[in-house]
Each structure stands twice: as C-alpha cells, then as structure tokens.
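Down below is the structure, laid out as structure tokens.
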Amino acid sequence: MIKVLFFAQLREVLDCASLELDTNVSSVGELRIALMQKGRDWQEFLAADKALAALNQTLVADDARLKSGDEVAFFPPVTGG
Amino acid sequence: MIKVLFFAQLREVLDCASLELDTNVSSVGELRIALMQKGRDWQEFLAADKALAALNQTLVADDARLKSGDEVAFFPPVTGG
Amino acid sequence: MFTVAKLQEQDHIAVQNQDFDLALEYQALTEANQSDGAVVHFVGLVRNNNLGRQIQALELEHYPAMTTKALTELVAEARQRWQLGRIRLIHRVGKLSLGEQIVFVGVTSTHRGSAFAACEFLMDQLKTRAPFWKKEYTSEGAHWVAARDSDRVKAGEW
Amino acid sequence: MFTVAKLQEQDHIAVQNQDFDLALEYQALTEANQSDGAVVHFVGLVRNNNLGRQIQALELEHYPAMTTKALTELVAEARQRWQLGRIRLIHRVGKLSLGEQIVFVGVTSTHRGSAFAACEFLMDQLKTRAPFWKKEYTSEGAHWVAARDSDRVKAGEW
C-alpha cells in the first residue's frame with residue numbers, strides 16, 4: 001500500500017488531495033506513470049517536468065525505490081518565501 | 001591658508017586635532033611631506049601607507065591639488081561599522 | 001541514506017498562520033548573546049504587484065508533514081557552510097492580505113559576511129526546496145503562482 | 001569633478017549618539033510601501049571578543065563634516081547599481097557598552113536579490129570609506145582598532 005498526496009494546483013486540477021494505492025510499482029517513476037493512466041489531466045499535470053515528487057517528505061528523483069507503507073507526494077515547483 | 005585635521009590614533013599620537021598652515025604646497029602629497037618634517041611621530045604616522053587623506057571631506061589620492069581655503073584631513077584606515 | 005537533520009537548541013523554525021513580531025525575533029536573536037556582532041534579517045511581504053498583476057491577497061498552502069523537515073535540513077546545511085550564532089526562520093501559511101508579512105529569516109554571526117551569506121542562502125533554498133505554494137488573488141480572479149526560473153538559478157549558484 | 005550626491009526623499013541617514021529602535025526603522029521602511037516585497041536589515045552590535053581580546057566597551061570617533069557626505073555617496077552608488085525602494089542607514093558615535101547597537105542598514109526592494117546585495121554593499125563600503133574609528137576598551141587598557149585586510153578585500157570585490 002502506497003499513500004499518495006497532491007498539493008496546490010495539482011490537488012485542484014486532479015480534484016484529489018490523497019489516495020491509497022495497492023500496487024506493485026517499485027519506483028516513484030513507475031508510480032508516476034501508473035497514475036498518469038487515470039485520465040487526461042493526470043497525464044498532463046503529473047508529467048515529470050511539471051510535478052516534483054517527495055518520498056516520505058524528502059524531495060527525490062524518479063528512480064527512488066518504493067516499499068509498502070511509503071508516502072509519496074506530487075506537487076508543482078514550490079513558490080513560497 | 002590650508003586647514004589640516006587629524007583623527008583617531010593620529011590625533012592622539014601627534015597630540016594635535018587641527019592646525020592651520022600658511023603654505024604654498026600645491027598637492028596633498030606635498031602637504032603630507034611638509035607635515036612629516038615636524039617630528040619623528042609626524043614622520044612615522046603620516047606616511048602614505050599609514051594615513052589616508054581627505055580633501056574637503058572626500059577621500060583623495062596624494063596627487064589631489066590644493067588651493068587656499070581647502071580643508072585636508074589625515075586619518076588611519078577607517079574601522080567603523 | 002538519509003540522515004535526519006536536527007535543530008540546534010538556539011535555532012527556531014515555525015510554520016504558522018499567525019503573524020510574527022520582528023522586534024521579538026530580533027530580541028530572541030540578540031539577548032544574552034554578546035559574542036555575535038552581526039545580525040541579518042530578511043522579511044518577505046505581500047506586495048501589490050507581481051509580473052504586472054495587481055495583487056489583492058495571497059493564499060499559502062504547504063505540505064505540513066514535510067515543511068518543518070525541509071526547513072530543518074536547510075538550517076543544518078547553512079550551519080555546515082558557515083560559522084553561525086543563532087538562526088530563526090518563520091513561514092506563514094493561510095490567507096494573507098496586501099502588506100502582510102510572509103516569511104522571516106534571521107541569522108547572527110561573529111562576522112557580517114557569514115550572516116549575510118547564510119540568510120540569503122536560506123531564502124534562496126527555501127524558494128526552491130520548501131513545500132509552500134502561493135495562490136494570488138487579483139481583480140481578475142485567483143491563480144497559482146508559477147515558479148521562477150531566476151529562483152532556480154539563484155538556488156543552484158550556492 | 002565631484003558631483004554632490006543627494007539623498008532621495010525616502011532615504012534616511014543619521015550619525016548619532018543615541019540608540020535606535022529596530023522596530024521603528026522597520027516601520028519606516030515598510031509603512032505605506034506596498035510595492036516592496038523584500039526587506040533586508042543589518043545590525044552591528046558591540047561583541048565581547050575581537051581577535052581574542054575581551055572587549056568591555058567601544059568608543060566611536062568620526063569626522064563630522066565628512067561622515068554624512070560619505071554615507072550619502074554610498075547610498076547614491078547603491079541606487080545606481082540596484083533597483084531599490086527605501087534605504088535607511090544609522091551609525092552611532094561616542095561610547096558604547098557591550099551588546100549595544102552600533103550600526104543599522106535597512107534596504108527594501110521589489111525582489112530579494114537587490115535588497116541583499118545593496119545592504120551588504122553598503123556595509124562593506126562603509127567599513128572602508130566612511131570616516132569612523134573604533135577604540136576598544138579591554139581589561140588591559142584601550143587601543144585603536146586596526147583596519148582589517150579582509151574588509152578592504154570585500155569592499156574591493158563590488
């Protein structure tokens with residue numbers, strides 16, 4: 001089981017703040033591709049050049065490995081400060 | 001007539017805050033050399049590598065030209081802030 | 001693979017809805033601290049114009065579980081790079097009106113060069129690595145602010 | 001040959017015996033100023049140790065006729081280099097105790113990069129070009145502080 005979170009514009013366009021996925025994807029990149037199958041908006045806004053990924057609250061690249069119980073967040077480039 | 005001021009350590013070692021000089025020196029450097037004749041401390045502490053010069057309240061190099069009525073100040077490198 | 005950065009006792013990180021008081025932050029940085037001769041503050045405020053749009057308000061969203069962790073890592077990195085005294089970092093979230101304070105970074109050091117560098121480093125890194133997002137409210141509606149290339153460049157220069 | 005630098009209306013330069021209040025300075029930089037999103041402050045304080053010597057107090061001498069002129073020129077130079085909002089610069093003179101405030105430089109801008117750069121530029125230039133001198137009082141007596149090579153290098157890098 002992987003917990004997936006979405007923030008900011010991504011949360012709004014996908015109309016989804018979080019979901020749980022029973023999946024055997026083994027990396028953040030594979031998870032990203034699996035989620036992109038969920039619809040046109042998912043395909044557009046989860047693209048690697050549009051959505052950053054954090055694994056267990058740390059920014060990671062798409063080759064980061066996943067295990068059950070992990071929390072993955074996808075979000076646009078940050079704009080605080 | 002040139003008005004000459006001394007500040008900080010220079011004022012203390014020369015035991016002089018200001019003096020007026022009726023002189024025909026034509027540059028700050030010539031004034032510096034004329035003043036260095038006044039004694040051993042003057043020679044040591046007015047040396048160009050130890051004392052900066054300001055002409056009419058602006059830092060200048062020794063080739064700055066002098067005219068009657070000018071105010072020249074000599075002081076050590078500044079240490080404020 | 002990951003080591004968890006820890007906050008030093010003299011440091012302070014907060015993510016909060018409520019406003020902060022610069023005078024109190026300055027006091028916390030300087031009181032009973034006679035070894036640091038240099039204090040540098042940065043305050044970010046809601047300004048009325050961004051890329052030509054008239055701003056009325058901002059809304060700041062964040063990723064709560066990650067924010068403090070990310071900021072703590074930035075503070076730890078700053079401490080590895082420079083000899084610093086105290087560090088205080090506050091970022092507000094929620095809805096903010098024109099002129100309101102958004103972010104505070106305060107750094108002390110024995111010498112000014114380290115304090116300036118660390119304060120700017122923290123802001124530059126925060127802008128690209130801490131999970132905050134701004135939504136702008138203008139007379140033409142609301143929209144999410146796009147990340148700036150210039151911020152990515154600045155953060156990469158350290 | 002020399003043009004006399006003039007202070008802009010929104011700027012403030014003061015050389016004074018009395019202390020300053022950071023909160024009031026911040027207020028003066030930010031009130032009725034909704035265009036500047038970035039504020040950078042520097043405060044220099046009397047620290048207890050300089051090059052291994054235990055400091056008890058400082059005395060600051062200056063060249064009154066030149067000081068304001070020199071500071072005004074620095075502010076004008078900063079305005080030529082960066083797009084800035086407001087600038088406030090205060091330098092104290094006279095006898096100062098441990099922990100007391102010596103100098104304040106506050107700069108606002110629409111963007112943080114300019115505010116950081118201008119604030120640090122003003123401090124670096126002030127350290128080598130404004131006619132202030134520090135005398136340190138320690139348990140072993142009083143002496144004039146020597147200028148630092150590192151300050152000359154920093155000022156030359158701009």
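Residue numbers start from 1 in every chain, and the chains themselves are labelled A, B, ... in the order their sequence lines are given, proteins ahead of strands.
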**OP:** Compare all side-chain heavy atoms of B:Gln9 with those of D:Lys135 and state whether any distance is below 4.5 angstrom.
**Re:** no

**OP:** Against chain D, label B:Ala8 side chain, backbone, both or neither, depending on which of its atoms sit under 4.5 Å from a heavy atom there.
**Re:** both

Can you tell which part of [X] gets under 4.5 Å to a heavy atom of chain B, answering side chain, backbone, both or neither?
X        : value
D:Trp133 : both
D:Ala130 : backbone
D:His62  : backbone
D:Ile102 : side chain

Subject >> Contact list for residues 69-103 of chain D, test ring pair (Phe, Tyr, Trp, His ring centres under 6.0 Å), sequence neighbours left out >> reply: D:Trp82-D:Phe121, D:Trp82-D:Trp158, D:His91-D:Phe132

Original post:
Got a sec: does the CD of B:Gln37 have more than 12 other heavy atoms crowding it under 6.0 Å?
Top reply: yes

Subject >> For D:Arg86, all residues meeting salt bridge (charged side-chain N to carboxylate O under 4.0 Å, His left out), sequence neighbours excluded >> reply: none

Original post:
Once you round to the nearest 0.5 Å, how far does OH of D:Tyr63 lie from CZ of B:Phe6?
Top reply: 11.5 Å

Original post:
So how far is it from D:Lys69 NZ to B:Thr58 OG1, rounded to the nearest 0.5 Å?
Top reply: 3.5 Å

**OP:** Identify the residues of residues 62-81 of chain B whose heavy atoms come closer than 4.5 Å to a heavy atom of chain D, ordered by number, or report 'none'.
**Re:** B:Glu71, B:Ala73, B:Phe75, B:Pro76, B:Pro77, B:Val78, B:Thr79, B:Gly80, B:Gly81

Original post:
So which residues of residues 40-52 of chain B are in contact with chain D at a heavy-atom cut-off of under 4.5 Å?
Top reply: none

**OP:** Write down the atom of D:Met66, the atom of B:Gln57, and the distance for their closest heavy-atom approach.
**Re:** CG-O, 3.2 Å

**OP:** Between chain B and each of D:Glu59, D:Glu61, D:His143, count heavy-atom pairs under 4.5 Å; write down the option with the most.
**Re:** D:Glu61

